[in-house]
Engineer: 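Here it is: the structure, laid out below.
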Amino acid sequence: MSEETPKSKHFIRQIIEDDIAKGLDPKDIITRFPPEPNGCLHIGHAKAFCLDFGMALEYGGKCNLRFDDTNPAKEENRFVEAIKEDVRWLGFDWEDRLFYASDYFEDLYNYAIELIETGKAYICTLSPDEFKEYRGIPGKPGKDSPFRNRPAAESLDIFRRMRAGDFKDGEYVLRAKIDMTDPNLHMRDPAIYRIKHSEHIRTGNAWCIYPMYDFAHCLSDASERITHSFCTLEFEVHRPLYDWFIENTSMIKKLKVQPRQYEFARLNLSHTMMSKRKLQQLVEEKIVEDWDDPRMPTLSGMRRRGYTPQAIKNFCEEIGVTKFNSLTQIALLEHCVRADLNKVATRRMAVFDPLEVEIENWEEGKTDWLEGVNNPEDEGAGTRMVPFSKHILIEKSDFMENPPKKYFRLCPGGEVRLRYAYIMKCNSFVKHDAGEVVKLLCSVEHDSRGGNAPDGRKIKGTIHFVSSEHAVRAKAKLFDNLFTKEDMTNLAEGEDFKAHLNSNSLVEAEIFVEPSLQEAKAGTPFQFERNAYFTLDPKPADGLVFNRTATLKDSFSK
RNA sequence: UCCCUGGUGGUGUAAUGGUAGCACAGAGGAUUUUGAUUCCUUUAGUUGGGGUUCGAGUCCCUACCGGGGAACCA
């Protein structure tokens, strides 16, 4: 289903093409997608890995999946599995290239020793607060740590004992010796190893010292011979460090191509909250079912809600890649979802708010099975049989006692086409005591079977229906756009984001669907004609539960 | 305050120094057995000011505005 839409020539493509022009063999291009397993992936991550995997594939290279597991305090194995599932779902294959930063712990330790031996790293005894003083502030240079000139032998000894577990958390830290006056604060002797007596998801208790991101990431990249390392804008100021560790260790001698870091703007989506911390809060406080609640902007939530991988990939291609902090409107995502669903969703009829109709000129107990196409956009989708009988249900809103001018559905004395079935005329109606119309008495034109008038006259209105005796009860869960009433990007510091959640973000409805839906498979997209796109909830439930994926565009109001 | 970045219609993005294009959203219309889809038409833009140039969204200077940076997080 790859679209032949022209691809935007964003700056990443330009960079890669320049490298190729300078002699880089496209087959040597290696990128990586490096999530930290401390939460589930969301739509923002999709942008990142569509870029990582997408660029490698597009130019004939490879992309590795690497878990950045350098902080055992935050990471969990269940997230590793969830992330793998999400990546697979989006259709990306890392083949045998699944890595963990922890694969390199021994190597990283040795590179750290190398730095100590060459006088480029030292053990510092300053506490975090004390070092803050020495680091200085933007605009003001810092001053050297009193331990900066600790002899290498002594640092080495302490570092080895750190590893051996001789010290408590925070007692010592290994720092790179760079420049305490650098205007970039990250270059002022950053910590590269800290003591952390914490069980790691993969190495267990083998280590009690762990490398920092800045030290681990670039050297992990280099170990995997990554050529292009993409990350978000906030790492821009870390880039000199990325290069420094590679260039100041023996790693540089092993490389044919030095990995380079390139930054791009992260995704901001209107009406969508993407802070991992806040999403976690929703899960913990049970405001949502779990990370895969269909209202969540997580990939697992979107999957459960019925979003297709193709729609998400198209969206990621559509938004492009820049270094500009923008706010993408959710309408674009919804457009991509509808556009893909329109092509692939199986059409079915479902009545949400039923109005009884009796066909006066139809024999009691007689059923006519009519053929309905499964998807007018896809010839190969085939057909299914739809039952018609004397008692049917139509949508309450498809009948009006006193219709306005442009209303072309049913009204007293008016006629309408029942989709796939017959042309039907409303003879009379029955009202409740309260004045509510509760039943229509109609007749069908027997010669119009299939929906065409024998005299060739045009029927403007076509409505959907289900046969009462054949109808299947189901539940529909209706969701508003991803969770928040308004843009969350301007939320004030400390402001309670929960006040901005959609109050009616989940509405449940009892609906009547055609019998063929009894065999619906979880995850397959359906379009309930003239209503919305739905998918059967994959979580076990009593009876059929459909999640609303997206609404149809509605031009009723025009 | 200092450093790093960035600024193209309402929104998201294109344009070796040479006609500012595409998509979403909006508006109008045609087709339609889904008031969907599809198709056509249309509204709307280079942050301001200087400079270089035959010619500037693009290069230079400057102002303004936005984002990031002072974790033993990633």
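As the structure is a computational prediction, the values presented were derived from the model and not from experiment. These values consider heavy atoms only, across backbone and side chains, with no hydrogens, waters or symmetry-generated copies.
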Engineer: Holding to side chain to side chain donor-acceptor pair (under 3.5 Å), I want the full list of residues that pass it with A:Y533, two or more places apart in sequence or in another chain.
Structural biologist: A:Q527

Engineer: Select base, sugar-phosphate, or nothing to describe what A:N342 touches, counting heavy atoms under 4.0 Å on all strands.
Structural biologist: sugar-phosphate

Engineer: When you get a sec, tell me which of B:G35, B:G12, B:A74 is the closest nucleotide to the side chain of A:K406?
Structural biologist: B:G35

Engineer: How would you label the contact of A:Y193 with the nucleic acid (heavy atoms, under 4.0 Å): base, sugar-phosphate, or nothing?
Structural biologist: nothing

Engineer: Let me see the working for A:Y109 and A:F159 under ring pair (Phe, Tyr, Trp, His ring centres under 6.0 Å), right down to the final yes or no.
Structural biologist: CA-CA 10 Å; A:Y109 176 77; A:F159 190 50; 5.0 Å; yes

Engineer: For the atom pair NE2 (A:H446) and OG (A:S448), what is the distance rounded to the nearest 0.5 Å?
Structural biologist: 8.5 Å

Engineer: Between A:T125 and A:R150, does any side-chain donor sit less than 3.5 Å from a side-chain acceptor?
Structural biologist: yes

Engineer: Whether the side chain of A:R338 and the base of B:U37 hold a donor-acceptor pair under 3.5 Å is what I'd like checked.
Structural biologist: no

Engineer: If you check every side-chain atom of A:K553, which of B:A36, B:G68, B:C24 has the closest atom?
Structural biologist: B:A36

Engineer: Rounded to whole angstrom units, what separation is found between the CD1 atom of A:I209 and the C1' atom of B:C73?
Structural biologist: 18 Å

Engineer: Using 30° and 60° as the class limits, which term best fits the ring planes of A:F79 and A:W291: parallel, tilted or perpendicular?
Structural biologist: perpendicular

Engineer: Taking the side chain as C-beta and beyond, is there a heavy-atom pair between A:T31 and A:N64 under 4.5 Å?
Structural biologist: no

Engineer: Using a cut-off of 4.0 Å between protein heavy atoms and nucleotide atoms, how would you tag nucleotides 5-10 of chain B 5' to 3' with B, S and -?
Structural biologist: SSSS-B

Engineer: If the threshold is 4.0 Å, N to carboxylate O, is there a salt bridge linking A:R384 and A:E514?
Structural biologist: yes

Engineer: Counting side-chain heavy atoms from CB outward, which of B:A23, B:G12, B:A74 is closest to A:E318?
Structural biologist: B:A23

Engineer: Can you pull every protein N or O that's under 3.5 Å from an N or O on nucleotides 14-20 of chain B?
Structural biologist:
none

Engineer: Where the side chain of A:K132 is defined as all heavy atoms beyond and including C-beta, which of B:U34, B:A74, B:A71 is the nearest nucleotide?
Structural biologist: B:A71

Engineer: Can you tell me which nucleotide in B:G68, B:C2, B:G12 comes closest to the side chain of A:S326?
Structural biologist: B:G12

Engineer: List, with names and distances, any nitrogen or oxygen atoms from the protein found under 3.5 Å away from nitrogen or oxygen atoms belonging to nucleotides 40-43 of chain B.
Structural biologist:
none

Engineer: Shorter than 3.5 Å, N or O on both sides, protein versus nucleotides 44-48 of chain B: list them out with atom names.
Structural biologist:
none

Engineer: Considering every strand and a 4.0 Å limit on heavy-atom distances, what is the contact class for A:K196: base, sugar-phosphate, or nothing?
Structural biologist: sugar-phosphate

Engineer: Please tell me which of the listed nucleotides, B:C24, B:A70, B:C73, lies nearest to the side chain of A:H335?
Structural biologist: B:C24

Engineer: Between A:L552 and A:R417, which residue's closest nucleotide on RNA chain B lies nearer the 5′ terminus?
Structural biologist: A:R417

Engineer: Describe the nucleic acid contact of A:K458 in one word from base, sugar-phosphate, nothing, applying a heavy-atom distance below 4.0 Å.
Structural biologist: sugar-phosphate

Engineer: Applying the ring-ring contact (aromatic ring centres under 6.0 Å, His included) criterion to A:Y210, which one of A:F215, A:Y193, A:F105 satisfies it?
Structural biologist: A:F105

Engineer: Stems in RNA chain B: runs of 3 or more consecutive Watson-Crick or G-U pairs, distances under 3.5 Å?
Structural biologist: B:2-7 with B:64-69, B:10-13 with B:21-24, B:26-30 with B:38-42, B:47-51 with B:59-63

Engineer: May I ask you to verify whether the side chain of A:H186 and the base of B:A71 hold a donor-acceptor pair under 3.5 Å?
Structural biologist: no

